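Report on the structure given below.
This one's a predicted model, so the numbers in the text were calculated from it and none came from an experiment. Chain identifiers are assigned alphabetically (A, B, ...) following the order of the sequence lines, protein sequences preceding nucleic acid strands; residue numbering begins at 1 within each chain.
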Amino acid sequence: MLDLKLIRTNPDQVRAGLAKRGAAGLIDEVLRLDQERREKLTNVETLKNKRNVVSKEVGRLKAAKVEATNLINEMKAVNEEIRELDGVVRELDEQIDAILFALPNLPQADVPVGTDDQTNLEIRHWGKPRSFPFEPKPHWELGEELDLFDFDRGAKISGARFTVLKGLGARLERALVNFMLDLHVNEHGYTEIFPPFLVNEDCMVGTGQLPKFEEDMFKVAPGDYYLIPTAEVPVTNLHREEILEAENLPKKYVAYTACFRAEAGSAGRDTRGLIRQHQFNKVELVKLTKPEDSYQEHESLVQDAEKVLQLLNLPYRVVLLSSGDMGFSASKCYDLEVWLPSFGVYREISSCSNFEDFQARRGNLRFRPEPDAKPEFVHTLNGSGLAIGRTVAALVENHQQADGSITIPEVLVPYMGGITVIK
RNA sequence: GGAGAGAUGGCCGAGUGGACGAAGGCGCACGCCUGGAGAGCGUGUAGACGUUACCGCGUCUCCUGGGUUCAAAUCCCAGUCUCUCCGCCA
């Protein structure tokens, strides 16, 4: 959520930022509502002050056994007015919030301006796509031949976009989860979190999934719970409504969770294989930082995620997303895109975003810069480290051999119980 | 699922209709004291919003939301969460 005071004091800056994302409108509406709200608020607070003063006077008079009926009747009338004005203010609040909750974050100055991925900027790349002396197969073919994935039975027991992992396929999934968690905990200094996979509505609003993207979420029937679309939601919200001490920042968390996405609007896209599932596993990195540190922490978070791909020997590139391609809550976002031989393209495998104070304001995540100083909003960041299903797909495709077998990267062998080749 | 108890500031804890944004203690910050530390003494110590050149002033918040009342931490209703006992259960 954008800062209402920033909109009030610097509307042109906000308009310009939103324009880069094709979301310019409604600032004038916010300003008008805000103006009206503050007028009504002043009115009603004046009346409440009067009520408070007179009520104390009534108390004094009664204690002195003096008649106070006139004052009491007068306050009854004032109360009517207060009730009415309170309603007006509340309605204005709701209208303002409805707009603010629907406005995306402002892009940072160095974010390329564009309407879609055409203006994304490749920052660097690592590794070289292998040249195969044979026609590389897609991961779903390799996986079915090696009995790693069972797409048909996934569809049978659940539906489209659900897959059963089997044997060494299941083992590979588990190995990758453990490998990534160990790397980030032991080498990169993150604290491991295992959160609930169901969260309440406040969390979904806090990180920006709600109210705008309800149709992308799975909502669970008894109780008002949502299945998490990413560990970002429970982990970022761990400290919602809290005031953290500056000395405890940055908070660096890593969490494995299953993720659940309705994929509304993706019908027909990536229907084969593991690329786009309703349920997938992910190891997620989350940071809460001081505002002045978030830009540097963003860079190091990207590098922490890149390290996974490097150790797995998977070629990738780092892309800086354009203003039109970024997620709703992000102020700046790098995607890591891994090379998929069967597609002949780089595909997103990690999205690393700095949200600045956008989520923190929604979830009221604050810190105290100095003892006795006023609390400020933290900056929140997160990135996949990595999406497991897509890593499996990339690993299987990139490390396939002419005979249809898959070589296991060295770092993963211990996690695979010593297995070096899947055949 | 049944029965009961509870939720107050960073923490502990008092407070059952009016001088309570809230005693007291702990913690923390600053000052005095000390060669230094400790002890002791003193002062200060919630957040949001509005208003304001500044000092400040005002409103709201004692789990949340309603209600009663001139006036609610305190009374009433609904909900959330925590704890204890019983049942069931991975």
- Message: Tell me every residue that passes ring-ring contact (aromatic ring centres under 6.0 Å, His included) with A:F280, counting only those two or more places apart in sequence or in another chain.
- Response: none
- Message: Rounding to an integer number of angstrom, what distance separates B:rG24 and B:rC75 when you compare their C1' atoms?
- Response: 27 Å
- Just how far, in rounded Å, is P of B:rA71 from CD1 of A:I72? 9 Å
- Task: Send over the distance from A:E74 CD to B:rC70 P, rounded to a whole Å.
- Result: 13 Å
- Query: Testing A:H239, A:H184, A:E192, A:K287 for side-chain hydrogen bond (donor to acceptor under 3.5 Å, both in side chains) with A:Y253, which one passes?
  - Reply: A:H239
- Note on the structure: When rounded to whole Å, the CG to P distance for the pair A:N200 and B:rG79 reads 19 Å
- Query: To the nearest Å, how far apart are A:I82 CD1 and B:rU69 P?
  - Reply: 14 Å
- Take atom C1' in B:rC63 and the same atom in B:rU69, then report the distance between them in whole Å. 23 Å
- Item | Atom C1', compared across B:rG58 and B:rU68: separation rounded to whole Å | 26 Å
- Taking only residues two or more places apart in sequence, or in another chain, which ones meet A:F101 in a ring-ring contact (aromatic ring centres under 6.0 Å, His included)? none
- Message: If I take atom CG in residue A:N73 and atom P in nucleotide B:rA71, what distance separates them, rounded to the nearest angstrom?
- Response: 12 Å
- Message: Check this for me, if you would: do A:R60 and A:E57 make a salt bridge, where the nitrogen-to-carboxylate-oxygen distance has to be below 4.0 angstrom?
- Response: yes
- Query: Could you state the interatomic distance from CD1 (A:I193) to CD (A:E284), rounded to the nearest 0.5 Å?
  - Reply: 13.0 Å
- Message: Between B:rC54 and B:rU61, how far apart are the two P atoms, rounded to whole Å?
- Response: 27 Å
- Between A:V58 and A:L71, what is the shortest heavy-atom contact and its length? CG2-CB, 4.1 Å
- Message: Can you list every stem that RNA chain B is part of, counting only runs of 3 or more consecutive Watson-Crick or G-U wobble pairs with both distances under 3.5 Å?
- Response: B:1-7 with B:80-86, B:10-12 with B:24-26, B:27-32 with B:40-45, B:46-51 with B:56-61, B:63-67 with B:75-79
- Item | Euclidean distance for P, B:rC30 against B:rG38 (whole angstrom) | 12 Å
- Parallel, tilted or perpendicular for A:F213 and A:F328, by the 30°/60° rule? perpendicular
- Message: How would you summarise protein contacts on nucleotides 45-64 of chain B per nucleotide, using B for base, S for sugar-phosphate only and - for none, with heavy-atom distances below 4.0 Å?
- Response: --SSSSS------BBS----
List the atom pairs, with distances to 0.1 Å, where a side-chain N or O of residues 379-388 of chain A and a protein N or O form a donor-acceptor pair under 3.5 Å, not counting sequence neighbours.
from   : atom 1 : to     : atom 2 : distance (Å)
A:H379 : ND1    : A:S294 : OG     : 2.8
A:T380 : OG1    : A:Q359 : OE1    : 2.7
A:N382 : ND2    : A:E232 : OE1    : 3.4
A:N382 : ND2    : A:E232 : OE2    : 3.4
A:S384 : OG     : A:S351 : N      : 3.2

- Partners meeting side-chain hydrogen bond (donor to acceptor under 3.5 Å, both in side chains) with A:E29 (sequence neighbours left out): A:R32
- Rounded distance (Å) that lies between atom C1' of B:rA71 and atom CG of A:N79: 9 Å
Report, one pair per line, the protein and nucleotides 66-68 of chain B atoms (nitrogen or oxygen only) whose separation is under 3.5 Å.
from   : atom 1 : to    : atom 2 : distance (Å)
B:rG66 : OP1    : A:R90 : NH1    : 3.4
B:rG66 : OP1    : A:R90 : NH2    : 2.9

- Task: State which residues pass ring-ring contact (aromatic ring centres under 6.0 Å, His included) with A:F151; sequence neighbours excluded, sorted by chain then number.
- Result: A:F149
Throw together a table of side-chain donor-acceptor distances under 3.5 angstrom for residues 172-182 of chain A, partners on residues two or more places apart or in other chains.
from   : atom 1 : to     : atom 2 : distance (Å)
A:E173 : OE2    : A:N281 : ND2    : 2.7
A:N178 : ND2    : A:R174 : O      : 3.4
A:D182 : OD2    : A:Y415 : OH     : 2.6

- Interatomic distance at C1', B:rA46 relative to B:rU52, whole Å: 22 Å
- Task: In whole angstrom, give me the gap between the P atoms of B:rU16 and B:rA73.
- Result: 13 Å
- Task: Could you measure between the two C1' atoms, the one in B:rA14 and the one in B:rC26, and give it in whole Å?
- Result: 15 Å
- Basic-acidic side-chain contact under 4.0 Å: A:K156, A:D150: no
Any N/O pairs under 3.5 Å between the protein and nucleotides 17-23 of chain B? List them or say none.
from   : atom 1 : to    : atom 2 : distance (Å)
B:rG18 : N2     : A:S55 : O      : 2.6

- Item | Non-neighbouring partners of A:H399 that pass ring-ring contact (aromatic ring centres under 6.0 Å, His included), sequence neighbours left out | none
- Name all pairs fulfilling the salt bridge (charged side-chain N to carboxylate O under 4.0 Å, His left out) condition that reach into residues 4-21 of chain A, sequence neighbours left out, sorted by first residue then second. A:R8-A:D34, A:D12-A:R15, A:R15-A:D28
